[in-house]
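Just so we're on the same page: letters track the sequence lines, and every chain starts at 1.
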There are 2 protein chains.
Amino acid sequence: MIRDSRLSGVLHILLHLAERDGPATSETLARAMQTNPVVIRRILAGLRERGLVRSEKGHGGGWTLACDLAAVTLRDVYDALGAPRLLAIGNRSEAPDCLVEQAVNAALDQAFDEAEAILLASFDDVTLAALTADFHRRLKARPHASGVHHG
Amino acid sequence: MIRDSRLSGVLHILLHLAERDGPATSETLARAMQTNPVVIRRILAGLRERGLVRSEKGHGGGWTLACDLAAVTLRDVYDALGAPRLLAIGNRSEAPDCLVEQAVNAALDQAFDEAEAILLASFDDVTLAALTADFHRRLKARPHASGVHHG
DNA sequence: AATCACGTAACTTTGATTGTTACTTATAAT
DNA sequence: ATTATAAGTAACAATCAAAGTTACGTGATT
């Protein structure tokens, strides 16, 4: 079971954008994220629809932030990604008329629902501004680091 | 991202075993679970090492419960499966020296750890006996259902 | 001995994500 | 206008883990 790291990745991108003046191209972002420009465009397409980023074609084009960092939470970003599944384990949904399976599912679903709610509530509590603030704290503590990527 | 349903599946198996007198063969269990005997053996192998089930070879052999249902929790079963990953999303762990990534990871890890702890605590709270009790409640509410599989 | 059932290694299939190529469309600079 | 740049997107390939399958070995019962 492979871990979906799109949320982590897109936050990474947003924070990088926040540290730039001008637009960043998919090409640039892809190099920073060690992936492919098309992957970047795919991920950011959802965010653009939510008004979190803007894209411009042609010369001098690329991606820019289009939101107030203090007003956007991890939950907003998660939703913009299409609210992907949070839990790696789940119920077999075959034979739902089996009473044994119903009993098992009922017990597990309660635990799963609770955990998901906790996670989403945590996402609600963190703004992008809090992340950039944390980044600058780290930068201050290690001033020799540039904060941007080399490759 | 595919969901790991081994926990759900193995609980299903354990409850079925609890409803039987004699041993059940991998063949029988596989039919009930709509899967392959080898898959059953693979899953139950971990449980046998933990003493939750016993297996006997040869004529009249098969799988039997080897534990006190009231003393075993979902957590024990989960651990016997090798404590598979609970969360479907996670951090990109590339470029860990990037301060942006560190800030992102710190925020997410806190949320992830909390959700995992909640989930495991829920597992601790449910015994197999509670599951069988729930099954019998359902059976009583729908007495026409057999509780076992047809196939 | 013959049959039954688990033990296990090796391989195949499946399903979702991610990566890649190729091409189109829109914008800016010359 | 032409050229260069960069996103938009469809289609395809590569990857990877889980699940399924085959084949054969081991041990127990009859």
Side-chain angles (χ1 to χ4, degrees), chain A residues 1-10 12-13 17 20 22-49 52-64 66 81-94, chain B residues 1-10 12-13 17 20 22-49 52-64 66 81-94:
Chain A
M1 178 141 340
I2 254 173
R3 231 168 193 170
D4 181 344
S5 59
R6 277 176 299 170
L7 179 58
S8 170
V10 82
H12 198 149
I13 291 175
L17 287 181
R20 291 180 64 101
T25 66
S26 308
E27 175 73 32
T28 304
L29 293 171
R31 243 181 293 120
M33 304 281 299
Q34 302 172 87
T35 180
N36 191 287
V38 178
V39 175
I40 299 290
R41 293 188 202 122
R42 260 202 301 246
I43 293 180
L44 290 187
L47 299 215
R48 185 185 46 222
E49 285 165 22
L52 300 187
V53 296
R54 192 182 357 256
S55 67
E56 307 277 1
K57 291 180 175 178
H59 247 127
W63 300 89
T64 44
L81 285 176
R85 174 166 36 249
L86 291 171
L87 298 180
I89 66 181
N91 293 134
R92 300 165 20 92
S93 45
E94 304 148 31
Chain B
M1 177 140 340
I2 256 172
R3 230 167 191 167
D4 181 344
S5 61
R6 279 176 298 168
L7 179 58
S8 170
V10 82
H12 198 150
I13 291 175
L17 288 181
R20 292 180 63 102
T25 67
S26 309
E27 175 74 31
T28 302
L29 293 171
R31 244 181 294 118
M33 305 281 299
Q34 300 170 83
T35 182
N36 191 288
V38 178
V39 175
I40 299 289
R41 291 187 202 123
R42 257 200 306 244
I43 293 181
L44 291 186
L47 300 214
R48 184 185 46 222
E49 283 165 23
L52 301 187
V53 296
R54 189 179 3 254
S55 67
E56 307 279 359
K57 290 180 177 177
H59 250 127
W63 300 90
T64 44
L81 285 176
R85 165 170 310 137
L86 291 171
L87 298 180
I89 67 180
N91 293 134
R92 300 163 21 89
S93 45
E94 306 147 29

Nucleotide nearest [X] when distance is taken to its side chain, options [options]:
X	options	answer
A:T35	D:dA23, C:dC6, C:dG19	C:dG19
A:K57	C:dA26, D:dT26, C:dT20	C:dA26
A:N36	C:dG7, C:dT8, C:dT20	C:dT20
A:S26	C:dG7, D:dA7, C:dA9	D:dA7
A:W63	C:dT21, D:dA23, D:dA7	D:dA7

Using whole Å, what does the distance between atom [atom2] of nucleotide [N] and atom [atom1] of [X] come to?
X	N	atom1	atom2	answer
A:I40	D:dA6	CD1	P	15 Å
B:I89	C:dA16	CD1	P	18 Å
A:L81	C:dT18	CG	P	10 Å
B:I13	D:dA19	CD1	C1'	13 Å
B:M33	D:dA18	CE	P	17 Å
B:R54	C:dG7	CZ	C1'	18 Å
B:D4	C:dA16	CG	P	15 Å
B:R48	D:dG27	CZ	C1'	13 Å

Determine, step by step, whether A:R20 and A:T28 satisfy the side-chain contact (heavy atoms from CB on, under 4.5 Å) criterion, reporting the C-alpha distance in whole Å, the side-chain angles of both residues, the deciding distance to 0.1 Å, and the verdict. CA-CA 12 Å; A:R20 291 180 64 101; A:T28 304; 4.0 Å; yes
For A:T64 and A:V53, run side-chain contact (heavy atoms from CB on, under 4.5 Å): C-alpha distance rounded to whole Å, both residues' side-chain angles, the deciding distance at 0.1 Å, then the answer. CA-CA 6 Å; A:T64 44; A:V53 296; over 6 Å; no
State whether B:S55 places a side-chain N or O below 4.0 Å from either non-bridging phosphate oxygen (OP1 or OP2) of C:dG7. yes
Looking at B:R41, I'd like to know whether one of its side-chain N or O atoms comes within less than 4.0 Å of OP1 or OP2 on C:dG7. no
Under 4.0 Å, heavy atoms only, any strand: does [X] hit a base, just the sugar-phosphate, or nothing?
X	result
B:S5	sugar-phosphate
B:R6	sugar-phosphate
A:A30	nothing

[atom1]/[X] to [atom2]/[Y] distance, rounded to the nearest 0.5 angstrom?
X	Y	atom1	atom2	answer
A:R31	A:I40	CZ	CD1	11.5 Å
A:L44	A:I13	CG	CD1	4.5 Å
A:M33	A:S5	CE	OG	7.5 Å
B:R41	B:T25	CZ	OG1	9.0 Å

Contacts of B:H59 and A:R42 projected onto DNA chain C by closest heavy atom; the upstream (5') one is B:H59
When you match A:P37 and A:E56 each to their closest nucleotide on DNA chain C, which lands nearer the 5' end? A:P37
I want to confirm an ordering. Mapping A:G58 and A:V38 to their closest nucleotides on DNA chain D, which one lands closer to the 5' end? A:G58
